[in-house]
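Reading through the structure tokens given below for one structure.
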Amino acid sequence: MASPRAPRGMHDTLPEDADLWRFIRDTAERVARLYDYRQITTPIVEDAAVFLHTAGDESDIVRKEVYLFEDRGGDALALRPEGTAAVCRAYLEHGMASRPQPVRLFYFGPFFRYDRPQAGRYRQLWQFGVEAIGTDSPAADAELIDLQLTLYGELGLTDLSLRINSIGTAETRRAFGKVLERHFLPHLGTLSTDSRRRFETNILRILDSKEDAQHEAVLSAPSILDHLSAEDRAHFEAVQRHLGDLGIAYAIDPRIVRGLDYYARTVWEVEPPDAVGQSTIGAGGRYDGLMEALGGPATPAVGFATGIERIALNMRERGLAPGGPAEERAPDVVTIPLGERGPAAAARAARLLRDAGVAVRSGLPGRSMRAAMRAADASGARYALIVGDAEADAGTVVLKPLRGDDPDDTEQRTVPAGDLGALATGLRV
RNA sequence: GUGGGUGUGGCCUAGCGGUUAAGGCGUCAGGUUGUGGCCCUGAAGAUCGGGGGUUCAAAUCCCCUCACCCACCCCA
């Protein structure tokens with residue numbers, strides 16, 4: 001019988017990865033707070049309607065990616081595929097409309113999409129997301145982009161490129177859809193089956209197709225930017241003005257469409273320069289239509305999400321990841337208990353040191369001193385604390401420097417066990 | 001969901017039809033009595049992803065399946 005493995009597309013995060021993940025998470029939360037955003041944590045499971053009624057029937061998320069299940073009570077639940085709709089559900093549920101607007105929120109956690117795994121694409125993925133809910137100000141769009149790029153910069157990812165677009169309001173897109181229908185109708189025969197389906201369901205997404213990217217009809221298609229309403233255009237121009245004021249470089253890419261239907265006006269994506277495959281590190285946009293789709297009052301909002309695995313991937317590629325094997329977190333001290341009474345005395349000594357904030361690995365009794373010393377050395381600890389019967393009887397411990405990094409502290413010395421607390425400062429890294 | 005590649009002890013790799021599947025790293029234990037890092041010795045650990053087939057004989061050939069990787073799709 002084969003042993004169980006982690007589910008397909010889902011992965012363990014091992015101790016050697018933990019330093020990098022903690023660094024990314026801490027940096028993300030710190031940057032979010034610098035912009036006065038506060039954390040919200042929502043359930044990993046939601047009423048399926050939260051996602052099914054908001055994402056849009058033609059979105060991949062609804063078509064094939066949501067993990068759906070029925071609980072024992074018969075309720076239709078979903079493993080959350082994305083964060084925005086869940087945060088908005090919480091916004092409505094807790095009456096956050098009566099807080100000062102916009103409400104600035106961030107989240108960090110796992111999401112689930114039933115997709116075919118490949119590099120950078122997983123069935124359980126972690127995202128950091130930031131939302132500003134309750135404002136239609138283009139300054140908020142720019143603030144989110146600024147926050148996102150600042151985060152990447154703090155992580156050392158300084159060579160990423162930002163592409164932005166405006167897809168107008170739902171009304172604008174309806175009108176533009178008519179224009180596209182007239183444009184693509186004569187070409188239906190030569191477009192891919194995928195595009196033909198999109199023609200019926202969500203015609204804008206034909207522009208987003210890679211299959212037909214070089215199709216003459218796609219290349220010659222009208223740009224939504226030429227069909228924005230006056231308000232849409234003013235909003236988009238204001239976003240660009242704010243980005244300029246912030247010194248943020250960007251490219252306008254009219255082909256960015258977004259998979260989710262609740263987006264409106266500004267949308268953006270951030271990619272590494274050598275963008276191929278699953279390369280988008282983070283993406284965002286304005287979703288003025290989402291609250292209504294959830295049954296709430298019209299509430300403009302904007303936000304972004306970024307994939308932790310993809311950040312980690314890019315940091316590793318650039319050699320930016322902290323905590324390689326040499327840097328792994330080592331204890332300050334390893335105890336080496338010997339003989340009959342050594343183990344008890346070593347345990348007391350370890351307690352004293354830990355109380356003083358020193359990280360102590362308790363060596364297990366019963367090993368030869370040679371083996372114990374080898375293990376202590378391999379741990380990377382700066383000191384070995386040897387406690388045998390002689391020390392236990394005398395109320396002392398032997399403190400032995402292992403690293404030789406301090407020229408004034410290379411000889412092992414015998415000290416009273418009671419002095420360990422006072423010595424602690426010198427033992428901590 | 002579609003197409004292609006890969007799959008040998010914890011990790012990396014050799015073997016690519018023929019006796020008990022080899023090496024490196026790692027792990028554990030020793031190298032005389034309570035002292036590490038180098039070195040030496042030894043041990044544990046793989047029925048070669050799983051299942052089926054071809055053959056006197058398969059890790060080595062064929063089929064199925066699973067997982068991972070790559071591309072598409074889509075996006076984080």
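Heavy-atom basis, side chains included; hydrogens, waters and symmetry copies ignored. The chains referred to below are lettered A, B, ... by the order of the sequence lines, with proteins before strands, and numbering in each begins at 1.
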* To do: Assign A:Phe111 to base, sugar-phosphate, or nothing according to its heavy-atom contacts below 4.0 angstrom with the strands shown.
  => nothing
* Heavy-atom pair with the smallest gap, counting every atom of A:Val358 and A:Ala424 -> CG2-CB, 3.6 Å
* From the list B:C69, B:C28, B:U35, which nucleotide is the closest neighbour of the side chain of A:Pro117? -> B:C69
* Figure out the CD/P separation between A:Glu271 and B:A76, and round it to whole Å. => 11 Å
* To do: For A:Gly9, report the nucleic acid contact type (base, sugar-phosphate, nothing); a contact means any heavy atom under 4.0 Å.
  => sugar-phosphate
* Asked: Rounding to a whole Å, what distance do you find between A:Phe51:CZ and B:C75:C1'?
  -> 16 Å
* Asked: Closer than 4.0 Å, any side-chain N/O of A:Gln118 to the OP1 or OP2 of B:A71?
  -> yes
* For the side chain of A:Arg116 and the base of B:G3, is some donor closer than 3.5 Å to an acceptor across the two? -> yes
* Quick one: A:Arg123 CZ to B:C66 P, roughly how many Å, whole number? -> 11 Å
* Can any side-chain N or O of A:Arg89 pair as donor or acceptor with the backbone N or O of A:Leu294 at less than 3.5 Å? -> no
* Structure fact -> Of A:Asn314, A:Asp159, A:Thr158, A:Thr306, the one forming a side-chain hydrogen bond (donor to acceptor under 3.5 Å, both in side chains) with A:Tyr152 is A:Thr306
* Asked: What interatomic distance, in whole Å, is found between C1' of B:A67 and the corresponding atom of B:G31?
  -> 44 Å
* Asked: Across all strands, who's sitting opposite B:U55 as a Watson-Crick or G-U wobble pair, both distances under 3.5 Å?
  -> none
* For atom CD of A:Glu391 and atom P of B:U35, their distance in whole Å -> 12 Å
* To do: Ignoring hydrogens and angles, answer whether the base of B:G34 and the side-chain atoms of A:Arg370 contain a donor-acceptor pair closer than 3.5 Å.
  => no
* P gap between B:U65 and B:A71, integer Å -> 24 Å
* Asked: Atom CZ of A:Arg286 and atom CG of A:Asp136: how far apart are they, to the nearest 0.5 Å?
  -> 6.0 Å
* To do: May I ask which nucleotide in the shown strands pairs with B:A21, Watson-Crick or G-U wobble, both distances under 3.5 Å?
  => none
* To do: Give none if B:G3 has no partner; otherwise give the nucleotide forming a Watson-Crick or G-U wobble pair with it, both distances under 3.5 Å.
  => B:C70
* **C1' spacing across the pair B:U8 / B:G3, given as an integer number of angstrom** => 27 Å
* Nearest-angstrom distance, C1' atom, B:G17 to B:C69 -> 29 Å
* To do: Name the closest nucleotide to the A:Thr280 side chain, picking from B:C75, B:C28, B:U35.
  => B:C75
* To do: Provide the distance between the two C1' atoms, one in B:G10 and one in B:C28, to the nearest whole Å.
  => 14 Å
* Structure fact -> To the nearest 0.5 Å, atom CG of A:Leu79 lies from atom OH of A:Tyr67 at 7.5 Å
* How is A:Glu309 classified with respect to the nucleic acid when contacts are heavy atoms under 4.0 Å: base, sugar-phosphate, or nothing? -> nothing
* **Side-chain heavy-atom pair A:Pro401, A:Tyr383 within 4.5 angstrom cut-off** => yes
* Distance in angstrom units between A:Arg121 CZ and B:G1 P, rounded -> 12 Å
* Applying a 3.5 Å limit to both distances, which nucleotide forms a Watson-Crick or G-U wobble pair with B:U60? -> none
* To do: Please tell me if the side chains of A:Arg310 and A:Thr280 come closer than 4.5 Å, counting only heavy atoms from C-beta onward.
  => yes
* Structure fact -> Nearest-nucleotide check on RNA chain B, A:Ala371 vs A:Leu402; residue mapping nearer the 5' end is A:Ala371
* Asked: Do the side-chain N or O atoms of A:Ser368 get closer than 4.0 angstrom to the phosphate oxygens (OP1, OP2) of B:A29?
  -> no
* Given atom CZ of A:Arg8 and atom P of B:G50, what is their separation to the nearest angstrom? -> 19 Å
* Structure fact -> Among B:G34, B:C39, B:A76, the one nearest any side-chain atom of A:Ala390 is B:G34
* Earlier contact from the 5' end, RNA chain B, for A:Ile281 and A:Met10 -> A:Met10
* Asked: Mind checking the P distance from B:U27 to B:C38? Whole angstroms is fine.
  -> 10 Å
* Asked: Does the B:C75 base have a donor-acceptor partner in the side chain of A:Arg310 within less than 3.5 Å?
  -> yes
* Give A:Ala283 one of three labels, base, sugar-phosphate or nothing, depending on what nucleic acid heavy atoms sit under 4.0 Å from its own. => sugar-phosphate
* **P spacing across the pair B:G23 / B:A43, given as an integer number of angstrom** => 11 Å
* Please state how far atom CD1 in A:Ile336 lies from atom C1' in B:G37, giving the value in whole angstrom units. => 13 Å
* Nucleotide B:A76, atom C1' - distance to CZ of A:Phe304 in whole Å -> 12 Å
* Nearest-neighbour nucleotide for the A:Met373 side chain, B:G36, B:C75, B:C68 considered -> B:G36
* To do: Could you work out the separation of B:A21 and B:A57 based on their C1' atoms and round it to a whole Å?
  => 16 Å
* Structure fact -> Value for NZ (A:Lys400) from OG1 (A:Thr414), rounded to nearest 0.5 Å, stands at 11.5 Å
